[in-house]
Amino acid sequence: MILYFSGTGNNLAVARAIAEHTGESVQPLYNALNINLLQEKRIGFVYPCYNGDVPKVVPHWIEQLNLPQQAYYFIVIASGLQAGNAIWSVEQVLNKKGIQLNYCHKIRVPDNSALAFGRNPNDQQWKFQRFAARLEQIKKDIASEKNAHHYGWRDPLASLMKLFDKTVFNALQPAVNAQKCIGCGICAKVCAVQNIALVTDEAGNKIAQHGQQCEFCLACVHFCPQQAVELSHKPTQKDFQYHHPNVMLKDLIVTNDKMK
Ligand SMILES: Cc1cc2nc3c(=O)[nH]c(=O)nc-3n(C[C@H](O)[C@H](O)[C@H](O)COP(=O)(O)O)c2cc1C
């Protein structure tokens, strides 16, 4: 069983690639509480790195899972550059449950936060070619249940990055431009933490509105057909919207019951 967290599809694509090789099934992490995992022989977690660490909801969800003690456990991070503490933090959660991590690795993919900083994630697609060999290796390693830790150590640079959490996450805070929003609700459908609601404005039009639980996955920004979801109130350029080329909007629409 591979459990993933993904806003723009990079981690879903990696989870699927591993699963094709190992015959595993793939499920969104938000749905994992609804699955009986106790009979699983191999459990993987695939998720991104956000500001040098794991998206906050990921360890929160994993803490709640009833996991088997005797299984092969792995973590793979698909991030723009680094794993930071994203593996280490989740390994702590697993260890508290008496579970040992068998294998971890990271792979570089286009950085979906780049549009906040004026770089186009679509210009980074070279990463798929450059790191294809690593993905092949990861698939083989996991299929053969190799024991190896790559990038699983506590990263002092990532710990320093924590000091800038507020600055970074403020820059990546999505908000809806009411002038552009047509109330289609796509942003609400791709939000894995149900942080977006459709409300009626004074003129009687439906518009999307973010709540306070944002995980910063940026799915709402990248999938809005009107480019109405903006970061720091800067216009979102269509060319800068990104999703993994093999993962479509329909793949990321939240369909199952979510954990709170
Ligand atoms: C809020 C935020 C913070 C990020 N911080 C980092 C980071 O510190 N290091 C890094 O290598 N990539 C970082 N990224 C890039 C993502 O890890 C990367 O694009 C990832 O593949 C996105 O996964 P997804 O497409 O499955 O949502 C960040 C992305 C977001 C949205």
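Remember, it's 1-based here, ligands and their atoms both numbered in the order they're listed. This one's a predicted model, so the numbers in the text were calculated from it and none came from an experiment.
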Write out each pair where an N or O from ligand 1 and one from the protein are under 3.5 Å apart, with the distance.
| unit_1 | atom_1 | unit_2 | atom_2 | d |
| --- | --- | --- | --- | --- |
| ligand 1 | 5 (N) | C49 | O | 3.4 |
| ligand 1 | 5 (N) | N51 | N | 2.8 |
| ligand 1 | 8 (O) | N51 | N | 3.0 |
| ligand 1 | 8 (O) | G52 | N | 2.8 |
| ligand 1 | 8 (O) | Q82 | OE1 | 3.0 |
| ligand 1 | 9 (N) | Q82 | OE1 | 3.0 |
| ligand 1 | 11 (O) | S79 | OG | 3.4 |
| ligand 1 | 11 (O) | G80 | N | 3.4 |
| ligand 1 | 11 (O) | L81 | N | 2.6 |
| ligand 1 | 11 (O) | Q82 | N | 2.9 |
| ligand 1 | 12 (N) | G80 | N | 3.3 |
| ligand 1 | 14 (N) | C49 | O | 3.3 |
| ligand 1 | 17 (O) | C49 | O | 2.8 |
| ligand 1 | 19 (O) | P110 | O | 3.0 |
| ligand 1 | 19 (O) | N112 | N | 2.8 |
| ligand 1 | 19 (O) | N112 | OD1 | 3.1 |
| ligand 1 | 21 (O) | N10 | ND2 | 2.9 |
| ligand 1 | 21 (O) | A78 | O | 2.8 |
| ligand 1 | 23 (O) | N11 | ND2 | 3.0 |
| ligand 1 | 25 (O) | T8 | N | 3.4 |
| ligand 1 | 25 (O) | T8 | OG1 | 2.5 |
| ligand 1 | 25 (O) | G9 | N | 3.2 |
| ligand 1 | 25 (O) | N10 | N | 2.9 |
| ligand 1 | 25 (O) | N10 | ND2 | 3.4 |
| ligand 1 | 26 (O) | S6 | OG | 2.6 |
| ligand 1 | 26 (O) | N10 | N | 3.3 |
| ligand 1 | 26 (O) | N11 | N | 2.8 |
| ligand 1 | 26 (O) | N11 | ND2 | 2.8 |
| ligand 1 | 27 (O) | G7 | N | 2.6 |
| ligand 1 | 27 (O) | T8 | N | 2.9 |

Minimum heavy-atom distance between G9 and V247, given as atom pair plus value: O-CG2, 3.5 Å
E63: which residues meet the salt bridge (Lys or Arg N to Asp or Glu O under 4.0 Å) condition with it, sequence neighbours left out? none
Begin with the C-alpha distance, continue with both residues' side-chain angles, and end with the deciding distance and a verdict on ring pair (Phe, Tyr, Trp, His ring centres under 6.0 Å) for F74 and H105. CA-CA 8 Å; F74 64 91; H105 218 323; over 10 Å; no
Only pairs at least two apart or in different chains count here, so list each salt bridge (Lys or Arg N to Asp or Glu O under 4.0 Å) that has a residue in residues 91-113. none
ring-ring contact (aromatic ring centres under 6.0 Å, His included): pairs with one or both residues in residues 155-176, sequence neighbours excluded: F169-F216
Result for side-chain hydrogen bond (donor to acceptor under 3.5 Å, both in side chains) between Y242 and one of D123, T8, N112, N10 points to N10
